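One structure below.
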Amino acid sequence: MRQYWQKKPLLIRQAVPDVQPPVTRAELFALAEQDDVESRLIVRRGAPGPTRSAAGRSQRARAEWQLKRGPMARRSLPPLGQPGWTLLVQGLDLHVPAAHDLLQRFRFVPDARLDDVMVSYATDTGGVGPHYDAYDVFLLQVSGRRRWRVGPLRDASLEPDLPLKILSRFEPEQEWVLEPGDMLYLPPMWGHDGVAEGDDCMTCSVGFRVPESTALSRELLLRWADELSVPDAPRLYKDPRQPATAEPARVPEALQDFARQAIERLLRDPGGLLSALGEVLTEPKPHVWFQPGSPLPQGCGVRLDARTRMMYDDQRVFANGESWRAAGRDARMLRELADRRVLSARVVGQASAALQALLGQWAEDGWLHPLDAE
Ligand code: SIN
Ligand code: CO
């Protein structure tokens, strides 16, 4: 983290020795058929093959790129023998336990920043073209080989009129061929181009969330505003010094001050803001839903469902877009659950009645499950 995170690329040979693809090709194609799974097919025709330098630019420009969004039937995928196509499946960690386990290895970065595991499957020469991302990414090769070319983003211009964002003047500075188990870390805004060398190339990308200031403010303010209630002693606007006016349409300055002070008063008590932040950060993605579960058996431990997002701060605990104030022993237990994603039967047995009831509710909502006795 000190040397590379958000600073410079890092190639780690055999970062995950003996890595196994979290899904087979057939399982991946089946996932792409589901409507609760985000998938994309990218087909390049007139494939120019790997380019070595800026001289390859004109060749790339002539290639024809097609993008199709899922869900897509297996039969609508190109034949396996056709080079130059790639299937990308997002949020694999929500559907495949092995991908969820892989994501857990990256929890040296706070959960608030972790996004998902995407997997790409490519036939020979397949790839998504030279591009950059706004977020950090770890690219773990899980089967086959892929040649990565990377370089700092000096010119962000994109090829015009293409269905995907392809850099028109990508200047790679380094290149490596990654074999299964090898991993490449890239900071945001680094140009990169990964081209499959041979068939059956699978790469897992662990991607991160990057809050954008304006979008985050909008979300926070909406949520915060929803929770505001008028106090028992409401502060009403008063204007005993308002003179008779000849400009009735003008907004009174005193009313502008009243509004400014109302907002400043809110900001002086940031509790609402921090609750809203935790709720926004743990809000499930749009097509995520939970299968209702059953009541917790007596005396069992619990583990969070792979879809549950759970975080905390000094005063609150957040899960799946909701928040609770927590203190003392219950808060310590909930933080342990959030950090480890499991609580042993012994710890659950020591929880207060209120916390046991909350865990029971979460079990019924499908947010957590009984921990299998080991
Ligand atoms: C890929 O796996 O083909 C693309 C991943 C990326 O460039 O972020
Ligand atoms: Co990328």
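Since the model is a prediction, treat every value here as computed from it, not as a measurement. Counting begins at 1 with the first residue of the sequence. Basis for what follows: all heavy atoms, side chains included, without hydrogens, waters or symmetry-related copies. For ligands, and for the atoms within them, numbers begin at 1 and follow the listed sequence.
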Practice prompt. Inspect the surroundings of CD in E173 and state if more than 12 heavy atoms from other residues, nucleotides or ligands are less than 6.0 Å away.
Written response: yes

Fill in: Expected output: side-chain S275 to main-chain G271 donor-acceptor under 3.5 Å
yes

Worksheet item: Judged by atom type as modelled, is there a donor-acceptor pair below 3.5 Å linking the side chain of D93 to the main-chain atoms of H100?
Response: no

Worksheet item: For the ring pair F138 and F106, is the centre-to-centre distance below 6.0 Å?
Response: yes

Worksheet, complete the sentence: The side chain to side chain contact (heavy atoms under 4.5 Å, CB included) partner of W362 among L296, L368, D305, V302 is L368

Discussion item. Please check if the number of heavy atoms outside Q298 that lie under 6.0 Å from its CD is greater than 12.
Written reply: no

Worksheet item: If you measure from CG on L216 to CZ on R218, what distance do you get to the nearest 0.5 Å?
Response: 10.5 Å

Response to the item:
Under 2.8 Å from the Co ion (ligand 2), the protein N, O or S atoms found are H131 NE2, D133 OD2, H192 NE2

Item to complete: Can you label the angle between the W85 ring and the Y121 ring as parallel, tilted or perpendicular, going by 30° and 60°?
Response: tilted

Discussion item. Does R250, at its CZ atom, have more than 12 non-hydrogen atoms belonging to other residues, nucleotides or ligands within less than 6.0 Å?
Written reply: no

List ligand 1's nitrogen or oxygen atoms that come under 3.5 Å of a protein nitrogen or oxygen, with the partner atom and distance.
unit_1: ligand 1; atom_1: 2 (O); unit_2: S120; atom_2: OG; d: 2.8
unit_1: ligand 1; atom_1: 7 (O); unit_2: H131; atom_2: NE2; d: 3.0
unit_1: ligand 1; atom_1: 7 (O); unit_2: H192; atom_2: NE2; d: 3.2
unit_1: ligand 1; atom_1: 8 (O); unit_2: D133; atom_2: OD2; d: 3.4

